[in-house]
Amino acid sequence: MVDAPDAVSRALRDAPPDQLPEAADQAIRSTLGAVRTDVFVADYRISGLWPVLDPELPAAGFLACHTVAQRCFSSQQPVRDSAEDGPCRLYLPLTVWGERLGVLLIELPAVPGAAVTGIATDIAGALAVALRAADRETDRYRRARRRERLTMAAEMQWDLLPGRSVAHHAFDLAGQLEPAYTVGGDHFDWSLDGDRLTVTALNGDGSGLAASLLTALTVNAMRNARRSDGGLVEQAELASDTVFYQHRGRRHVATLLVELNTRTGRVRAVDAGSPHMLRLRGAAVEPLKLDQQLPLGMFAETRYEVQEFALEPGDRVFVVSDGVWAAEPAGLEPYGQRAMARSLRATRLQPATEAVGTVMRELHAYHADSDLRDDAVVVCLDWHGPRDRDGG
């Protein structure tokens, strides 16, 4: 049993990318004596968890598993569900670098001790890494995640994302797109490189496939500059010139570019349009007002300037697109005028991964659960401070 994680890791390495759950199931049964396993993956809205190994799980069994699995997914802690003198279901988070993929279910003949739970946790970690790597090689897990068909624009947007969350000793970061299955132009991107975290949020121009193509062009131009060691100004200017020479000023992209120094908490930013940044410090919500510059692509050879400010440990920063800030259901004031501050304060005790979902749910409730009229992006950054990796 001591070598169980290694045995499972070897089985995962040897398995085809679309057969990872089956390979893990066989290895876990043989090493831990499990009587059943399953993999639950989070859907695009992060509104539910869905089985991969047993997609036709009967309704009663699915609901019984889903409630406990959701508790494991939200808490990011192992959860045991056992009957007296009966089998025990152990639910383990499938998470890699802070990216929450889903939950691993391992059913054992009896309640496991701490050692077995620790081994099972290591197995879940190995499976999460394998699933993340395999996602580019098979459609199986993406099919399990979608509850309805994505539009072509949404398909492109989700493929363009860096992920939906990332964890670091100095910060936690999460983002969400809505409407998940029809999103067009709004987007977010991020990259961690040494002590530099770069985050961008885009409020795409237009709708549908045309908006998605414009966003893809802009994101890849910024990535090209960033991956060539270009700073925020170079990223903004290359993307702006690329969009302008492609569309001659007829199309543009409102974009916020942010760079966080993870050693100092110092933030550098280029505000090129309408995405808004708000800081939650304690119970106080305050807009972080920057001098707005021209959206990317509006004019040829537009030049951009960087502005700076500092974060304090414990600060939470939200970046939202106009689809959140300016949402104005019939007969109501814009969401960002007052309602959004209430929803941001409601997230104070939640991790960033849960906070983005709370804000989106509050936005949907503000619309009386009708479809959003515009794309919406929410990104949440929690700044812990320049701690070392051991928490010191």
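All residue numbers refer to positions in the sequence shown, counting from 1. What you see is a predicted model; the values in this text were computed from it and never measured. Just the heavy atoms: all of them, side chains too, but no hydrogens, waters or symmetry mates, feed the values below.
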Seminar exercise, completed: Heavy atoms of Pro313 and Gly385 approach each other most closely as CG-CA, 4.1 Å

For this session: Only pairs at least two apart or in different chains count here, so list each salt bridge (Lys or Arg N to Asp or Glu O under 4.0 Å) that has a residue in residues 197-208.
Result: Asp205-Arg251

For this session: Work out which heavy atom in Pro112 is nearest to a heavy atom in Thr117; give both atom names and the distance.
Result: CG-OG1, 3.8 Å

Problem set entry | Test salt bridge (Lys or Arg N to Asp or Glu O under 4.0 Å) applied to Glu155 and Arg146, step by step | CA-CA 11 Å; Glu155 192 81 57; Arg146 60 187 69 194; 3.1 Å; yes

Problem set entry | Validation row: Val103, Arg71 side chains within 4.5 angstrom (heavy atoms) | no

Problem set entry | Candidate list Arg281, Arg316, Arg279, test salt bridge (Lys or Arg N to Asp or Glu O under 4.0 Å), partner Asp382, passing option | Arg316

Exercise. Within the side chain of Tyr304, is there an N or O that forms a donor-acceptor pair under 3.5 Å with the backbone of Leu294?
Worked result: yes

For this session: Please tell me if the side chains of Leu108 and Val116 come closer than 4.5 Å, counting only heavy atoms from C-beta onward.
Result: yes

For this session: Measure from the side-chain N and O atoms of Asn224 to the backbone N and O of Asn220, and report whether any donor-acceptor pair falls under 3.5 Å.
Result: no

For this session: Compare all side-chain heavy atoms of Leu49 with those of Asp43 and state whether any distance is below 4.5 angstrom.
Result: no

For this session: Side-chain contact test, heavy atoms from C-beta onward, threshold under 4.5 Å: evaluate it for Arg89 versus Tyr91 and give yes or no.
Result: yes

Exercise. Is there any ring-ring contact (aromatic ring centres under 6.0 Å, His included) pair reaching into residues 249-302, and which pairs are they, with sequence neighbours excluded?
Worked result: His276-Trp325

Exercise. Side chains of Asn203 and Val253: closer than 4.5 Å at any heavy-atom pair?
Worked result: no

For this session: Show your reasoning for whether salt bridge (Lys or Arg N to Asp or Glu O under 4.0 Å) applies to Glu362 and Arg342.
Result: CA-CA 9 Å; Glu362 291 291 330; Arg342 292 194 296 269; over 6 Å; no

Problem set entry | Cys88 side chain near Asp81 side chain, heavy-atom distance below 4.5 Å | no

Problem set entry | Cluster overlap Leu381 with Leu280, hydrophobic side-chain contacts below 4.5 Å | no

Exercise. What residue among Asp375, Val324, Thr215 forms side-chain contact (heavy atoms from CB on, under 4.5 Å) with Asp186?
Worked result: Asp375

Problem set entry | Residue pairs passing the salt bridge (Lys or Arg N to Asp or Glu O under 4.0 Å) test where at least one lies in residues 236-245, sequence neighbours excluded | Glu237-Arg303

Seminar exercise, completed: side chain to side chain donor-acceptor pair (under 3.5 Å) test vs Arg223 passes for just one of Asp189, Thr218, Thr198, namely Asp189

Problem set entry | Chi angles and distances behind the side-chain hydrogen bond (donor to acceptor under 3.5 Å, both in side chains) call for Glu354, Thr347 | CA-CA 8 Å; Glu354 293 290 312; Thr347 72; over 6 Å; no

Exercise. Just by modelled atom types, is the Arg147 backbone N or O under 3.5 Å from a matching donor or acceptor in the Tyr181 side chain?
Worked result: yes

For this session: Could you pull out all residues at least two apart from Leu213 that satisfy side-chain contact (heavy atoms from CB on, under 4.5 Å)?
Result: Met156, Leu209

Exercise. About how many Å separate CG of Leu92 and OG1 of Thr121, when rounded to the nearest 0.5 Å?
Worked result: 5.0 Å

For this session: Might you point out which heavy atoms bring Ala254 and Gly273 nearest each other, and give the distance in Å?
Result: CB-CA, 3.7 Å

For this session: Output yes when Glu178 and Arg45 qualify as a salt bridge under the 4.0 Å nitrogen-oxygen rule, no when they do not.
Result: yes

Seminar exercise, completed: On a heavy-atom basis, the closest approach of Thr138 and Asp18 is OG1-CB, 3.4 Å

For this session: Taking atom types as modelled, find out whether Asp25 and Thr37 have a side-chain donor-acceptor pair closer than 3.5 angstrom.
Result: yes

Exercise. Are Leu197 and Leu257 co-members of a hydrophobic cluster defined by side-chain heavy atoms under 4.5 Å apart?
Worked result: no

Problem set entry | side-chain hydrogen bond (donor to acceptor under 3.5 Å, both in side chains) assessment of Thr262 paired with Asp195 | CA-CA 5 Å; Thr262 61; Asp195 57 12; 5.5 Å; no

For this session: For atom CD of Gln26, decide whether the heavy atoms of other residues, nucleotides or ligands shown that lie under 6.0 angstrom number more than 12.
Result: no

Exercise. Can you tell me how far the CE atom of Met298 sits from the OG atom of Ser240, to the nearest 0.5 Å?
Worked result: 9.0 Å

Problem set entry | Connected via hydrophobic side-chain network under 4.5 Å: Leu290 and Val319 | yes

Exercise. Backbone N or O of Leu311 within a donor-acceptor pair of the Arg266 side chain at under 3.5 Å?
Worked result: no

For this session: Taking Thr151 for its side chain and Ala154 for its backbone only, find out whether a donor-acceptor pair lies under 3.5 Å.
Result: yes

For this session: Using the test side-chain hydrogen bond (donor to acceptor under 3.5 Å, both in side chains), find all partners of Thr353 that sit at least two apart in sequence or belong to another chain.
Result: none

Seminar exercise, completed: Heavy-atom closest pair (Leu160 atom, His187 atom, distance to 0.1 Å) is CB-NE2, 3.4 Å

Seminar exercise, completed: Here the gap from Thr182 atom OG1 to Leu150 atom CG, rounded to the nearest 0.5 Å, amounts to 8.5 Å

Problem set entry | Connected via hydrophobic side-chain network under 4.5 Å: Val356 and Met277 | no

Exercise. Do the ring planes of His66 and Trp50 sit parallel (below 30°), tilted (30 to 60°) or perpendicular (above 60°)?
Worked result: tilted

For this session: Return the minimal non-hydrogen interatomic distance between Phe73 and Ala42, and the atom names on each side.
Result: CZ-CB, 3.8 Å

Problem set entry | Short side-chain to backbone donor-acceptor contact, Gln176 and Ala376, under 3.5 Å | no

For this session: Look only at the side chain of Gln235 and the backbone of Ala225, and say whether a donor-acceptor pair between them is shorter than 3.5 Å.
Result: no

Exercise. Hey, is the main chain of Leu53 close enough, under 3.5 Å, to the side chain of Asp38 for a donor-acceptor pair?
Worked result: yes

For this session: Output yes when a side-chain donor or acceptor of Glu99 lies under 3.5 Å from a complementary backbone atom of Arg164, and no otherwise.
Result: yes

Problem set entry | Min side-chain heavy-atom separation Arg132-Trp97 under 4.5 Å | yes

Problem set entry | Nearest-0.5 Å distance, OG1 of residue Thr358 to CG of residue Leu363 | 12.5 Å

Exercise. Does the salt bridge (Lys or Arg N to Asp or Glu O under 4.0 Å) test come out yes or no for Asp159 and Arg142, once each step is laid out?
Worked result: CA-CA 10 Å; Asp159 269 357; Arg142 296 181 187 224; 2.4 Å; yes

Exercise. Has the side chain of Ser165 got a donor or acceptor atom that lies under 3.5 Å from a matching backbone atom of Leu173?
Worked result: no

Seminar exercise, completed: Across all chains, not counting sequence neighbours, the side-chain hydrogen bond (donor to acceptor under 3.5 Å, both in side chains) partners of Arg140 are Glu22

For this session: State the CZ-SG distance between Phe171 and Cys380, to the nearest 0.5 angstrom.
Result: 12.5 Å

Problem set entry | Other residues, nucleotides, ligands: >12 heavy atoms within 6.0 Å of Glu305 CD | no

For this session: Give the cluster check for Leu101 versus Ile106: same hydrophobic cluster or not, with ILVMFWY residues linked at side-chain heavy-atom distances below 4.5 Å.
Result: yes

For this session: Can you measure from CG (Leu127) to CG (Leu104) and round to the nearest 0.5 angstrom?
Result: 6.0 Å

